[in-house]
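Contents: one structure, followed by commentary.
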Amino acid sequence: MANKTVIKGVKDHVGESVVIGCWVNNKRSSGKIQFLQLRDGTGYIQGVVVKSEVAEEVWDAAKSLTQESSLYVTGVIREEPRSQSGYEMTVTGIEVLHLTENYPITPKEHGVDFLMDHRHLWLRSSKQRAILVIRAEIIRAIQEYFDINGFTLVDPPILTPTSAEGTTNLFHTKYFDEDAYLTQSGQLYMEAAAMALGRVYSFGPTFRAEKSKTRRHLIEFWMIEPEMAFTEHEESLRVQEEFITHVVQSVLKNCRSELEAVGRDISKLENIKAPFPRITYDDAIKFLNDNGFDIPWGEDFGAPHETAIAEEYDKPVFITHYPAGIKAFYMKPDPNRPEVVLCADMIAPEGYGEIIGGSQRIDDPALLEERFKEHELSLDTYKWYMDLRTYGSVPHSGFGLGLERTVAWICGLDHVRETIPFPRMLYRLYP
């Protein structure tokens with residue numbers, strides 16, 4: 001009796017008869033031979049049906065198969081150096097589960113809106129599958145890095161009574177008789193967790209009600225937010241570059257075929273190893289003004305500015321020491337120059353923009369109280385956050401990584417909409 005297996009596991013069954021549950025990705029015929037391009041989610045394999053070697057009903061079943069029809073296929077696995085996977089199946093039996101008619105995504109060019117309307121089916125394509133496999137590997141590598149470096153996973157709430165950064169781009173809802181918001185960041189709660197556990201990280205969905213249609217923005221996205229007690233700015237930067245190095249090198253090691261499937265220039269990723277270059281905000285302003293950008297000191301950078309800076313480097317680059325006025329209330333001022341804060345944005349190469357934002361947090365309760373007043377934040381609402389400075393305050397730092405932007409960069413994608421199974425964008429809530 002044939003053993004049941006998956007396409008990824010056929011290497012362990014050379015010369016054996018196996019059964020695989022799969023779908024027809026494509027099909028072609030050459031007279032008395034049919035070539036079935038089969039997929040099962042773990043990979044792809046070609047099934048060869050030779051008319052003279054199978055029963056008539058098997059030949060007819062193969063002939064009836066259409067794109068995305070589902071079946072159990074039985075056959076003998078053999079090595080085939082010309083195949084992308086290195087293996088092929090000589091088909092001996094077919095059990096048709098469902099014959100698909102008029103599958104809407106055919107092997108031709110389709111518009112983006114059409115593909116997004118059929119996202120639930122578009123996921124089956126080879127490129128979209130490869131992206132999701134790479135995304136899963138990035139997630140695995142992220143968790144691996146934090147696990148082996150002594151971080152504890154903590155889950156902050158998704159429903160919150162306040163904003164993490166004092167912005168207004170929040171989704172409002174009612175929490176029984178109270179106002180509540182979908183979280184835009186778990187950072188403040190992670191600071192509390194760091195005071196209990198030392199080194200922590202969160203990994204969860206976040207939401208921003210920004211009416212943005214750029215290729216870098218989603219309404220719902222996933223954030224990884226570590227916080228570290230007894231950690232100052234410089235040490236945090238070292239953690240960030242080691243972390244990104246680990247993730248990129250893990251993808252290179254474990255997803256090379258998927259990177260090739262999405263058309264990624266792998267040589268650009270092979271160079272991503274710590275340390276990363278650093279420039280200050282002051283240096284960045286001078287560089288931009290020297291290169292045709294009219295941007296005054298004190299203004300935040302947009303996508304064209306970040307891209308111009310990133311093009312000078314073949315690795316991610318840190319931009320450090322931004323003006324306090326354009327950064328969040330909780331960032332610690334530089335003791336030697338209080339008008340700037342101990343922070344950094346990590347800008348990915350190749351025009352992918354900011355993938356990490358981080359800073360050393362204010363640990364002085366008097367200064368934090370001043371910031372509350374400057375930003376017109378309610379001391380009553382943030383009392384619990386002030387308690388973190390009142391009872392055993394310590395130097396601490398943290399950062400946030402946007403998962404989808406990171407996937408876009410590592411895969412070399414033009415738009416973040418392909419980095420998540422079902423993207424939520426300004427005008428898209430379906431499917």
Taking the six-membered ring for Trp and the full ring for Phe, Tyr or His, determine whether the centres of [X] and [Y] are under 6.0 Å apart.
| X | Y | value |
| --- | --- | --- |
| His321 | His233 | yes |
| Phe293 | Phe301 | no |
| Trp122 | Phe422 | no |
| Phe207 | Tyr181 | no |

Is there a donor-acceptor pair under 3.5 Å between the side chain of [X] and the backbone N or O of [Y]?
| X | Y | result |
| --- | --- | --- |
| His217 | Lys213 | no |
| Lys315 | Pro275 | yes |
| His246 | Ile244 | no |
| Asp40 | Gly43 | yes |
| Ser70 | Trp23 | no |
| Tyr103 | Leu121 | yes |
| Thr42 | Lys8 | yes |
| Arg428 | Tyr430 | yes |
| Ser397 | Thr231 | yes |
| Thr245 | Glu241 | yes |

Quick one: do the [X] and [Y] side chains pair a donor with an acceptor below 3.5 Å?
| X | Y | result |
| --- | --- | --- |
| Ser185 | Glu225 | yes |
| Asp300 | Tyr322 | no |
| Arg417 | Thr419 | no |
| Glu232 | Ser236 | no |
| Gln187 | Tyr330 | yes |
| Gln34 | Arg28 | no |
| Asp282 | Trp297 | yes |
| Tyr87 | Glu79 | no |

Next item on the list: With side-chain hydrogen bond (donor to acceptor under 3.5 Å, both in side chains) as the test, would you mind laying out the steps for Asp265 and Ser267 before giving the verdict?
Entry: CA-CA 6 Å; Asp265 182 349; Ser267 67; 2.6 Å; yes
Can you establish whether the number of heavy atoms outside [X] located under 6.0 Å from its atom [atom1] is more than 12?
| X | atom1 | value |
| --- | --- | --- |
| Asp294 | CG | no |
| Lys32 | NZ | no |
| Asn271 | CG | yes |
| Tyr72 | OH | no |

Do the non-hydrogen side-chain atoms of [X] and [Y] ever get within less than 4.5 Å of each other?
| X | Y | value |
| --- | --- | --- |
| Leu252 | Glu270 | yes |
| Ser126 | Tyr44 | yes |
| Ser64 | Leu99 | yes |
| Gln37 | Val24 | no |
| His396 | Met228 | no |
| Glu258 | Arg129 | yes |
| Ile362 | Phe329 | no |
| Val247 | Gln249 | no |

Measuring from [X]:[atom1] to [Y]:[atom2], what's the distance to the nearest 0.5 Å?
| X | Y | atom1 | atom2 | value |
| --- | --- | --- | --- | --- |
| Leu65 | Ile94 | CG | CD1 | 5.5 Å |
| Glu68 | Ile105 | CD | CD1 | 8.5 Å |
| Met190 | Ile224 | CE | CD1 | 11.5 Å |
| Met223 | Phe203 | CE | CZ | 11.0 Å |
| Glu109 | Phe114 | CD | CZ | 12.5 Å |
| Arg119 | Leu115 | CZ | CG | 9.0 Å |

Ion pair check, [X] and [Y], cut-off under 4.0 Å:
| X | Y | answer |
| --- | --- | --- |
| Arg216 | Glu306 | yes |
| Asp345 | Lys327 | yes |
| Glu404 | Arg135 | yes |
| Lys286 | Asp290 | yes |
| Lys268 | Asp314 | no |
| Glu16 | Arg78 | no |

Next item on the list: Carefully, step by step, assess Tyr189 and Thr160 under the rule side-chain contact (heavy atoms from CB on, under 4.5 Å).
Entry: CA-CA 10 Å; Tyr189 296 98; Thr160 67; 3.9 Å; yes
Notebook entry, point to check: Parallel, tilted or perpendicular: which fits the ring planes of Tyr145 and Phe243, with parallel below 30° and perpendicular above 60°?
Noted result: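 Tyr145 and Phe243: tilted rings.
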Next item on the list: Mind telling me whether Phe276 and Phe318 have parallel, tilted or perpendicular rings, with 30° and 60° as the class edges?
Entry: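 The arrangement is tilted - the two ring planes meet at 30° to 60°.
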Next item on the list: State which residue, out of Val317, Ile355, Leu401, fulfils the side chain to side chain contact (heavy atoms under 4.5 Å, CB included) condition with Met346.
Entry: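 Going through Val317, Ile355, Leu401 one by one, the side chain to side chain contact (heavy atoms under 4.5 Å, CB included) with Met346 is satisfied by Ile355 alone.
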Notebook entry, point to check: Looking at Val73, Thr74, Leu38, which hits side chain to side chain contact (heavy atoms under 4.5 Å, CB included) with Ile20?
Noted result: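 With Ile20 as partner, side chain to side chain contact (heavy atoms under 4.5 Å, CB included) holds for just one option, Val73.
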Next item on the list: Given side-chain hydrogen bond (donor to acceptor under 3.5 Å, both in side chains), test Asp179 with His172 step by step and report yes or no.
Entry: CA-CA 7 Å; Asp179 287 322; His172 174 259; 2.8 Å; yes
Checklist line | Check against salt bridge (Lys or Arg N to Asp or Glu O under 4.0 Å), Arg140 and Glu144 | finding: CA-CA 6 Å; Arg140 188 205 65 78; Glu144 178 181 68; 3.1 Å; yes
Checklist line | Evaluation steps, salt bridge (Lys or Arg N to Asp or Glu O under 4.0 Å), between Glu56 and Lys63 | finding: CA-CA 11 Å; Glu56 186 176 350; Lys63 205 169 181 180; over 6 Å; no
Next item on the list: Specify the closest pair of heavy atoms between Gly298 and Tyr281, including all atoms of both residues, with the distance to one decimal.
Entry: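 Shortest heavy-atom separation between Gly298 and Tyr281 comes out as N-OH, 2.8 Å.
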Check: For Tyr352 and Pro349, which heavy atoms make the closest approach, and how far apart are they?
Finding: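 What the structure gives for the nearest pair is CD1-O, 3.4 Å.
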